[in-house]
Amino acid sequence: MKKSSQQTWGGRFAAGPAEIVKQFTESVSFDWRLYPHDIAGSIAHAKGLAKIGVLTKAEAAKIARRLRTIRPQPNPALEDVHMNVEAALGPVGRKLHTGRSRNDQVATDIRLWLRDNIGCQLSAISDLQRALVALADKNADVVMPGYTHLQRAQPVLFAHHALAYVEMLARDAMRFADCAKRANVSPLGSGAIAGSTLRLAREFVAKELGFDGVTQNSMDAVSDRDFVVEFLAVAAICGMHLSRLAEDLVLWSSAEFGFVRIGDAYTTGSSLMPQKKNPDIAELVRGKTGRLYGNLVAVLTMLKGLPMTYNRDMQEDKEPLFDTADTIGASLRVMADMLRHTKVNRSRCEAAASDPLLLATDLADFLVKRGIPFRQAHHAVGALVAASEKGGVSLPKLAAKKYGAGAAKVFNLQCALAVRKAIGAPSPKNVRAQIARWTKFLK
Ligand code: ARG
């Protein structure tokens, strides 16, 4: 091996890294995505150096110009995106790395990247919310059974069920936005670990990059990746929500339920069974949740017990981060598209909801209004349900016989929904108000 070819840190080495080491340590094959943010960070850093007289204004301008015009191809021999950019800059860049380390540089790049990416996730979330609200609006008066334990429980409106996901996604959006707030702080100027002997214009540089402020402890700034963990956790929660929506669609599109029909373009066939139309898109969204959880655990585990401050282990933050961002983004978008091509089968929903047993609780409430304690009423209705099952006589008929004609009226589905007027309950009036609220909010 000849004298080190590593131009950035090769000075103290008699030989360059072995080929196998280069392959093992390189990150440019996946951190190249940070390129635009690395360029932006370097331009801001050059301006900051000019501000304190380390570079002349002309030198800084020349560096910035070159940073904007170079179009390098990623070269794994140069390890990572930072060194690739530096190498592409050529001689004009010799002074650029003053007062800077790759440790504060990579922390800066990831924060900038994350801020941009969260913007994309937020718009994908709103778009999925819009698709859900549109489906709710189109089917505003469709009644369906609500389920607990996957057993028919009580009647609800289809729109109420769809809007439940809109609420979940709204909290996911808040969590993403909150994560962006904490991530949007500039580590630049923290150097490798202990800042710099130069009086860097940290706040000026931060402002140039649109950061809300600067980190206050150089060791914290180069060593923590809690903002990555937070993003992965938020995405995992969002993925968990999507997996439940996906599962509903898988169930509802089955012959057994038949509540929805997913458009052909959003389903796939079987290579063996000609009749099959499978909800693969929903299944994949459900399945991809596994890797969202995995990425979170991977980064938490990578960081656990690391000695302060930067350790090379931390290079392992990027692939899980990018994978999660791509996975959650794609899942949100495909779900929105699929819902725009999904039709609700009113008659199947309503047939399932027409089972009078779904209103057994309403009959108990009816007895409560007559002064019977709820526990006692619950018991009495339970006995009536058992008698109905045993004797093959419908519950409304038995109720009328036992408690008078008024009791049978309880089983009118429309009335049963209309009286569910408390905040958050699915009366048609409430649900229409919620559709209107979300439509306005998501405009
Ligand atoms: N590629 C590295 C990473 O992603 C950049 C920082 C390298 N710093 C170092 N001291 N080797 O973590």
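Indexing begins at 1, ligand by ligand and atom by atom, following the structure's order. Note that this is a predicted model, so its numbers are computed, not measured. For the numbers below, each heavy atom of this structure counts, side chains included, while hydrogens, waters and symmetry mates do not. Numbers for residues simply follow the sequence, beginning at 1.
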Member of Gln315, Arg102, Lys22 meeting the side-chain hydrogen bond (donor to acceptor under 3.5 Å, both in side chains) criterion with Glu79: Arg102

Where does Lys318 meet ligand 1, judged by heavy-atom distances below 4.0 Å: at the side chain, the backbone, both, or neither? side chain

Below 4.0 angstrom from a heavy atom of Gln315, which ligand 1 atoms are there? Numbered from 1 as shown, please. 1 (N), 2 (C), 3 (C), 4 (O), 12 (O)

Quick check with a 6.0 Å cut-off and a 45 degree axis cone: is Lys318 positioned over the face of Phe30's six-membered ring? no

Distance filter under 4.0 Å to Ser27 heavy atoms, resulting ligand 1 atoms: 1 (N)

Which residue holds the protein heavy atom closest to atom 11 (N) of ligand 1, what is that atom called, and what is the gap in Å? Arg102 NH2, 3.6 Å

When you measure from atom 10 (N) of ligand 1 to every protein heavy atom, which one gives the shortest distance, and what is it? Asn103 OD1, 3.2 Å

For Trp32 together with Phe322, are the ring centres under 6.0 Å from each other? no

Using heavy atoms and a 4.0 Å limit, tell me yes or no: is Gln105 in contact with ligand 1? no

Worked verdict on Tyr266 versus Asp280 for side chain to side chain donor-acceptor pair (under 3.5 Å): CA-CA 8 Å; Tyr266 293 85; Asp280 289 36; over 6 Å; no

One finds that the ligand 1 atoms under 4.0 Å from a non-hydrogen atom of Asp80 are 1 (N), 2 (C), 5 (C)

Evaluate side-chain contact (heavy atoms from CB on, under 4.5 Å) for Arg66 paired with Ile63, printing each intermediate quantity in order. CA-CA 5 Å; Arg66 238 184 106 60; Ile63 289 175; 5.9 Å; no

When you look at NE2 of His378, are more than 12 heavy atoms from neighbouring residues, nucleotides or ligands closer to it than 6.0 Å? no

At a 4.0 Å threshold, what atoms of ligand 1 neighbour a non-hydrogen atom of Val106? 4 (O)

Output yes when the distance from some N or O of ligand 1 to some N or O of His82 is under 3.5 Å, and no in every other case. no

Tell me, which protein residue and heavy-atom name are nearest atom 6 (C) of ligand 1, and how many Å apart are they? Tyr310 OH, 3.4 Å

Those residues at least two apart in sequence (or on a different chain) that pass side chain to side chain contact (heavy atoms under 4.5 Å, CB included) with Ala183 are Leu114, Phe227

